[in-house]
Amino acid sequence: MNYLTELRWSPYLVGAGIGILSWFSFLFAKQPISCSTSFARTSGMIERVLRGKKVQEKAYYQKFKLIVDWQWMLVVGIVIGSFLSALLSGDLHLQWVPDLWQSAFGGNPLLRMIAAMIGGIFLGFGARWANGCTSGHGISGTLQLAVSSWISAICFFIGGILAAYFIYHIIA
Amino acid sequence: MEKRPTNNHKKSNKTNLIQGLIFGILFGFLLQKGGATKYDIIAGQLLLTDFTVVKIMLSAVVTGMIGIYAMKAMGWVKLDIKPGGWSINVIGGMIFGAGFALLGYCPGTIAGAIGNGYLDAAIGGLIGIWLGTALFAELYPRLDRGILKKGYFGSTTLPQLFKVNDWLVVLPVSALIALLLWWMERAGL
């Protein structure tokens with residue numbers, strides 16, 4: 001079982017594994033692997049705690065009910081699976097500032113946290129606007145040859161490459 | 001913007017939830033083993049210095065696509081196509097991309113990054129995503145009546161668009177992806 005403790009697997013092996021996982025999710029769960037809707041549901045659940053039951057009457061939460069479903073548990077599972085993998089290979093790090101970020105912007109955790117939060121706002125807003133994310137559109141949608149997903153996935157990378165260039169070559 | 005029933009109606013009993021959790025554990029395990037739970041790998045991809053993410057995604061797409069279309073031909077599975085439109089997917093995709101670069105994680109990989117111990121994901125990024133989705137939910141009625149309707153084309157696949165047999169798209173796309181991966185290896189990316 002040495003391969004479970006290996007730090008890295010080939011990206012092709014990992015990709016093929018995710019592809020095979022998607023066969024079984026269609027076969028057994030009757031749905032594709034996707035993630036971002038669960039973040040919207042959780043956000044609504046938190047807002048409901050803070051502002052009361054009227055939150056769930058919002059049109060968006062009528063469309064995506066504030067419930068724990070298959071996909072919500074999938075996201076919880078990702079946290080656990082990644083934790084197990086990192087634990088087995090000794091790759092678990094409690095780290096505030098990623099190395100690449102530090103090389104350009106220094107090691108201030110507050111600056112990185114603010115950037116991550118602003119990035120998260122764009123990411124969450126964009127994922128709901130586009131109706132999917134890197135998993136729902138980028139993998140599950142493109143592998144079904146969905147027109148909406150191919151356009152989205154291409155735009156995720158165009159937007160991402162332009163923004164990364166701006167962040168690392170113009171601001172930094 | 002969405003005309004089909006959402007997956008709210010799907011059963012959410014205990015077995016179904018445990019099944020989701022197991023799929024998630026496997027997915028998270030694979031993402032971590034691939035390095036996709038790390039900021040440096042994802043930001044490196046967007047800076048075009050590290051091609052791990054694209055290699056993972058393209059090999060997932062080619063493997064998944066051949067299997068799903070084979071099972072569709074056998075009548076075992078039904079496709080689940082997200083409806084879309086030019087303003088939905090292009091504008092939403094570009095906004096997502098900007099966030100993808102600044103945060104350095106996406107909704108799936110941020111869950112993996114949290115499991116991997118990265119605190120910028122757990123504290124900053126996660127709260128940001130919740131704020132972004134809440135903002136969208138707040139603006140949704142107005143957006144849905146206006147801009148999200150522009151260029152709407154609904155749920156359609158490339159074979160339906162070109163009016164050809166599924167395999168006339170699946171096979172060339174698979175060949176193109178294989179060629180691209182081969183070229184990336186050869187170029188030392």
Side-chain angles (χ1 to χ4, degrees), chain A residues 9 11-12 14-19 22-23 26 35-36 39-40 43 59-60 65 69-70 73-75 77-79 81-83 85-86 92-94 96 98 100 113 116-117 119-126 128-130 133-135 143-148 151-152 155-156 159-160 163-164, chain B residues 8 12 17 20-21 24-25 28-30 32-34 39-40 46-47 52 55-56 59-61 63-65 67 77 79 81-82 84 89 92-103 106-108 111-112 115-117 119-120 124-125 128-130 132-134 136-137 140-141 156-158:
Chain A
W9 290 353
Y12 305 111
V14 169
I18 293 170
S22 79
W23 302 348
F26 271 91
C35 293
S36 62
F39 289 84
S43 169
Y60 200 67
K65 294 267 189 316
D69 64 350
W70 188 92
M73 294 303 289
L74 178 94
V75 176
I78 295 173
V79 180
S82 170
F83 173 78
S85 167
L92 203 58
H93 306 280
L94 281 179
W96 273 107
L100 182 60
M113 202 186 76
M117 193 181 296
I121 292 172
F122 278 92
L123 188 89
F125 191 82
R128 294 337 295 156
W129 186 305
C133 64
T134 342
S135 25
L143 71 82
Q144 294 182 80
L145 297 171
V147 175
S148 59
I151 298 171
S152 298
C155 292
F156 293 163
Chain B
N8 293 327
S12 55
L17 295 181
L21 187 72
I25 292 173
F29 198 93
L30 286 166
Q32 207 282 333
K33 283 281 176 262
Y39 174 92
D40 291 6
L46 297 176
L47 289 168
T52 308
K55 287 177 188 173
I56 293 174
S59 31
V61 169
T63 311
M65 177 170 61
V77 300
L79 298 185
I81 303 297
K82 285 176 189 285
N89 302 121
M94 299 291 269
I95 297 172
F96 180 95
F100 194 23
L102 190 53
L103 174 57
C106 58
N116 208 153
L119 298 165
D120 58 333
I129 295 177
W130 285 335
T133 55
F136 185 82
Y140 174 71
T156 183
T157 65
L158 293 172

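Computed from a predicted structure; not experimentally measured. Keep in mind that the numbers below use all heavy atoms, side chains included, and drop hydrogens, waters and symmetry copies.
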Heavy-atom pairs under 4.5 Å with chain B, option from A:S152, A:A164, A:G124, A:G15 with the top count:
A:G15
Any idea how A:F125 and B:F136 line up, ring-wise: parallel (<30°), tilted (30 to 60°), or perpendicular (>60°)?
perpendicular
Looking only at heavy atoms, what is the nearest atom pair of B:D120 and A:P98, with distance?
OD2-CG, 3.3 Å
If you tally heavy-atom pairs under 4.5 Å against chain A, which of B:V77, B:N116, B:V61 wins?
B:N116
Does A:W23 reach the main-chain N or O of B:T63 with its side chain, forming a donor-acceptor pair under 3.5 Å?
yes
Which one, A:S36, A:S43, A:A146, A:C133, leads in non-hydrogen pairs under 4.5 Å with chain B?
A:S43
Cut-off 3.5 Å, side chains only: do A:S85 and B:K33 have a donor facing an acceptor?
yes
Working to the nearest 0.5 Å, report the span between CZ of A:F156 and CG of B:N89.
8.0 Å
Per-residue tally against chain B (heavy atom, under 4.5 Å) across A:G19, A:S82, A:P11, A:G126 peaks at A:S82
Among A:C155, A:C35, A:A163, which has the most heavy-atom pairs under 4.5 Å with chain B?
A:C155
